[in-house]
Amino acid sequence: FYGWFILAVSFFVVFVSIGTRNGIGVFVVPMIDDFGWSRTSISLSIAIGYLVNGISQPFVGSLYDRFGGRRVITVSLLVMGLSTMLLSQTNSIWFLILVYGFVVSVSMGGVSFVTVHSLLAKWFFRKRGIVLSISTAGASTGSIFLIPFAAYLILLSNWRTTWFVLGAMILFLALPLAWLMIRDDPGQLGEVPDGDSDGG
């Protein structure tokens, strides 16, 4: 049943995107050291990002209804990957607020549970509970692995290189996988939800 591939891709997309976005905390100290910013100013940019992400969710949901999960998720991954790489060029707090607080945070909405769970709900009926819980686990799993990974890269190189690498992971791993594998509903492949031959 192709729905299991949809679940695997969804898990990885959430793993990489949410794991990357939640890694902002490990960048605070090295960026403060480089620019002399206050913790208040950099915390403000993070807070704006979470606010913008929340406000953008209904808009993202309407885009999903109009264009489908494959388009919304892949375009969002493209924008998020490029903007995360662009964070490596941060040179002012206003640049960080613009790129992280707005561009990254809005694009994050397109690869959030709003779109991923809506997509999976079309592929699974009876098994929806376990499937949605597995995809949700991708977020916490991504944070568990990618936050220490980002911290290690910062120690190994610097925060600019680390932003670039995280963005590249989204752009060159998650994006191609989503574009090649995601289908909006089972009917596109002649299947039915849960892989049941009778659709029940």
Side-chain angles (χ1 to χ4, degrees), residues 2 5-24 27 45-46 48-91 94-123 135-136 138-139 141-143 145-147 149-150 153 159-185 188-189:
Y2 194 80
F5 292 101
I6 299 294
L7 174 59
V9 172
S10 298
F11 180 94
F12 185 72
V13 164
V14 171
F15 176 96
V16 174
S17 58
I18 295 183
T20 294
R21 183 170 181 266
N22 288 348
I24 181 70
F27 292 86
S45 65
I46 297 172
I48 289 173
Y50 278 94
L51 176 63
V52 169
N53 179 257
I55 293 174
S56 68
Q57 296 297 318
F59 172 70
V60 170
S62 67
L63 289 178
Y64 175 91
D65 291 336
R66 182 174 181 180
F67 297 107
R70 184 169 181 258
R71 290 184 180 179
V72 173
I73 290 172
T74 52
V75 170
S76 297
L77 285 171
L78 174 63
V79 174
M80 187 177 182
L82 291 173
S83 56
T84 300
M85 294 171 73
L86 188 61
L87 286 172
S88 66
Q89 304 303 310
T90 299
N91 53 18
W94 298 111
F95 185 93
L96 181 65
I97 290 173
L98 174 63
V99 178
Y100 181 86
F102 288 91
V103 183
V104 171
S105 297
V106 171
S107 63
M108 180 66 224
V111 288
S112 67
F113 298 130
V114 171
T115 53
V116 171
H117 284 181
S118 297
L119 173 68
L120 289 170
K122 291 186 175 182
W123 284 88
S135 67
T136 301
T141 307
S143 298
F145 284 96
L146 292 186
I147 292 175
F149 174 70
L153 277 183
W159 62 266
R160 294 185 185 275
T161 300
T162 303
W163 275 129
F164 190 88
V165 169
L166 292 175
M169 289 175 62
I170 297 172
L171 203 59
F172 298 111
L173 295 178
L175 174 58
L177 191 64
W179 176 253
L180 291 172
M181 299 294 291
I182 289 179
R183 297 296 180 271
D184 287 324
D185 62 74
Q188 292 181 341
L189 298 177

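Computed over heavy atoms, backbone and side chain alike; hydrogens, waters and symmetry mates excluded.
Contact record, Ile18 with Ala139: CD1-CB, 3.7 Å, taken as the closest heavy-atom pair. Nearest heavy atom pair, residue Val103 against residue Ser83, reads CG1-CB, 3.6 Å. Residue Asn53 comes nearest to Ser105 through the heavy atom pair ND2-O, 2.9 Å, listed as atom of the first residue, atom of the second, then distance. Heavy atoms only, all atoms of each residue included: Ser88 and Arg160 are closest at O-NH1, 2.7 Å. Taking every heavy atom of both residues into account, Ile147 and Gly23 meet most closely at CG1-CA, 3.8 Å. The heavy-atom pair separating Val60 from Val72 by the smallest distance is CG1-CG1, 4.4 Å.
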Checking side-chain contact (heavy atoms from CB on, under 4.5 Å) for the pair Ser10/His117: CA distance, chi angles, key distance, verdict? CA-CA 9 Å; Ser10 298; His117 284 181; over 6 Å; no
Under the side-chain contact (heavy atoms from CB on, under 4.5 Å) rule, what do Gln89 and Val99 come out as? Steps first, then yes or no, please. CA-CA 10 Å; Gln89 304 303 310; Val99 178; over 6 Å; no
Just do the side-chain contact (heavy atoms from CB on, under 4.5 Å) check on Leu96 and Phe27 with the steps written out, would you? CA-CA 12 Å; Leu96 181 65; Phe27 292 86; over 6 Å; no
Could you please spell out the steps behind the side-chain contact (heavy atoms from CB on, under 4.5 Å) verdict for Leu175 and Thr74? CA-CA 6 Å; Leu175 174 58; Thr74 52; 3.9 Å; yes
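Considering CG of Leu120 and OG1 of Thr115, their distance stands at 9.5 Å, rounded to 0.5 Å. Here CE of Met108 is found 8.5 Å from CD of Gln57. Values are rounded to the nearest 0.5 Å. Going from atom CE of Met80 over to atom CG of Leu166 covers 9.5 Å, rounded to the nearest 0.5 Å. Taken to the nearest 0.5 Å, the CD1 atom of Ile73 stands 12.0 Å off from the CG atom of Leu63. Interatomic distance, CG of Leu119 versus CD1 of Ile6, reported as 5.5 Å (0.5 Å rounding). In this structure, OG on Ser118 lies 11.0 Å from CG on Asp184, to the nearest 0.5 angstrom.
The closest side-chain heavy-atom distance from Phe59 to Ser62 is below 4.5 Å. Counting heavy atoms from C-beta on, the side chains of Leu171 and Leu77 never come closer than 4.5 Å. Between Leu189 and Arg183, the closest side-chain pair of non-hydrogen atoms falls below 4.5 Å. Trp163 is not listed as a side-chain neighbour of Leu153, based on a closest heavy-atom distance of 4.5 Å or more.
In this structure a side-chain-to-backbone donor-acceptor pair under 3.5 Å is missing from Trp123 to Leu7. Not a single donor-acceptor pair under 3.5 Å links the side chain of Tyr100 to the backbone N or O of Ile48. Put simply, the side chain of Ser107 gets close to the backbone of Val104: a donor and an acceptor are under 3.5 Å apart. Distance alone, capped at 3.5 Å, places no donor-acceptor pair between the Thr84 side chain and the Gly81 backbone.
More than 12 heavy atoms of other residues, nucleotides or ligands sit less than 6.0 Å from atom CZ of Arg70. By the neighbour-count criterion of 12 heavy atoms within 6.0 Å, atom CZ of Phe95 is densely surrounded, having more than that number from other residues, nucleotides or ligands. Atom OH of Tyr50 sits in a crowded spot, with more than 12 heavy atoms from other residues, nucleotides or ligands closer than 6.0 Å. By the 6.0 Å contact criterion, OH on Tyr64 is enclosed, its count of non-hydrogen atoms from other residues, nucleotides or ligands being greater than 12.
Between Phe15 and Phe12, the ring-plane angle classifies as parallel under the 30° and 60° cut-offs.
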